[in-house]
Amino acid sequence: MRTSSSSSSANAHRFGPIDIPDSQVFCETPLSLGLVNLKPVVPGHVLIISRRVVARFADLTPEETTDLWSLAKRVGTCIEPHFGATSLTYAIQDGPAAGQTVPHVHVHVLPRKPGDFENNDEVYERIEESGEAGERLDLDAERVVRTANEMAQEARELRALLDASRGT
Ligand code: AMP
């Protein structure tokens with residue numbers, strides 16, 4: 001794995017139909033990328049995506065599947081203590097009926113703390129809402145769409161975190 005360089009911020013990556021600037025990519029492997037989130041459900045909620053633009057988990061090759069989950073594990077292991085968390089939620093919404101809003105395979109990785117949601121499974125409602133353009137529930141109004149600068153700043157922090165953890 002290598003973390004992405006901040007020197008090529010003009011380059012764009014594809015997340016389904018969305019152009020993601022290099023500045024919002026905090027790590028990459030030959031087959032996968034780590035992105036900061038436009039609307040994080042909790043602090044440190046990031047996305048691990050396949051580099052290839054495919055909608056469904058079943059579209060991934062075995063190598064892409066292994067790479068995606070290996071990167072998700074590596075990122076989760078780093079961000080859990082960084083965000084003062086003690087657990088992680090890993091989630092894929094695989095297809096529109098499962099709540100997928102961006103038709104590109106992605107693993108949600110969320111640092112979790114005791115009591116961060118009144119009812120633990122609320123996290124899945126929040127994840128489902130996070131891709132929606134409309135503010136369907138009142139809960140959603142609490143989550144803010146971040147600026148490109150805020151996202152780039154977090155990506156820099158996470159890049160440094162992943163760099164520092166190499167070899168550990
Ligand atoms: P899902 O509903 O499982 O498809 O998740 C889509 C995720 O993509 C949500 O967590 C959104 O907050 C996130 N998202 C949508 N647009 C962007 C974007 N431009 N940059 C980063 N994350 C995004």
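In this chain, residues are counted from 1 in sequence order. Note that ligands are numbered from 1 as they come in the structure, with each ligand's atoms numbered from 1 the same way. Owing to the predicted nature of the structure, the values given are computational and were not obtained by experimental measurement.
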Decide whether an N or O pair under 3.5 Å exists between [X] and ligand 1.
{"X": "Met151", "value": "no"}
{"X": "Ile20", "value": "no"}
{"X": "His106", "value": "yes"}
{"X": "Phe15", "value": "no"}
{"X": "Gln100", "value": "no"}
{"X": "His108", "value": "yes"}

Review point. Just how far is it from atom NE2 of His108 to atom CD of Glu128, taken to the nearest 0.5 Å?
Key: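 His108 NE2 to Glu128 CD: 10.0 Å, rounded to 0.5 Å.
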**Study point:** Atom pair OG (Ser87) and CG (Leu110), whose distance is rounded to the nearest 0.5 Å
**Key:**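 The distance works out to 12.0 Å.
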Review point. Should the proximity of Thr101 to ligand 1, defined as any heavy atom under 4.0 Å, be assigned to the side chain, the backbone, both, or neither?
Key: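 Both backbone and side chain.
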Review point. Taking non-hydrogen atoms only, is Lys39 closer than 4.0 angstrom to ligand 1 via side chain, backbone, both or neither?
Key: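 Contact part for Lys39 vs ligand 1: both backbone and side chain.
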Practice item. Please list all pairs passing the salt bridge (charged side-chain N to carboxylate O under 4.0 Å, His left out) test where one or both residues lie in residues 58-68, with sequence neighbours left out. Key: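 Checked against salt bridge (charged side-chain N to carboxylate O under 4.0 Å, His left out) - neighbours excluded - the pairs reaching residues 58-68 are Arg52-Glu64.
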Only heavy atoms of [X], strictly under 4.0 Å: list the atoms of ligand 1 that pass.
{"X": "Gln93", "answer": "1 (P), 2 (O), 3 (O)"}
{"X": "Gly99", "answer": "2 (O)"}
{"X": "Val36", "answer": "21 (C)"}
{"X": "Ile18", "answer": "16 (N), 19 (N)"}
{"X": "Leu38", "answer": "16 (N), 17 (C), 18 (C), 20 (N), 21 (C), 22 (N), 23 (C)"}

Exercise for review: Sequence neighbours left out, what passes side chain to side chain contact (heavy atoms under 4.5 Å, CB included) with Val53? Give chain and number order.
Suggested key: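 For Val53, the residues satisfying side chain to side chain contact (heavy atoms under 4.5 Å, CB included) (neighbours in sequence not counted) are Arg14, His104.
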Check your understanding: For the rings on Phe15 and His106, is their centre-to-centre separation under 6.0 Å?
Key ->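 For Phe15 and His106, the ring centres are under 6.0 Å apart.
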**Study point:** Arg112 bridged to Glu80 by N-O distance under 4.0 Å
**Key:**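 Looking at Arg112 and Glu80, the cut-off is not met.
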**Study point:** Identity of the nearest option to atom 14 (N) of ligand 1, non-hydrogen atoms only, from Ile127, Asn37, Val145
**Key:**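 It is Asn37 that holds the nearest heavy atom.
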Exercise for review: Give the cluster check for Leu31 versus Leu47: same hydrophobic cluster or not, with ILVMFWY residues linked at side-chain heavy-atom distances below 4.5 Å.
Suggested key: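 Unlinked, Leu31 and Leu47 end up in two clusters.
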Check your understanding: Under 3.5 Å, is there a donor-acceptor pair linking the side chains of Arg156 and Ser23?
Key ->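 Note: Arg156 and Ser23 side chains miss the donor-acceptor criterion.
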Exercise for review: Give me the one residue out of Thr77, Ile48, Leu71 that meets side chain to side chain contact (heavy atoms under 4.5 Å, CB included) with Val109.
Suggested key: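 Of all the options given, the one that passes is Ile48.
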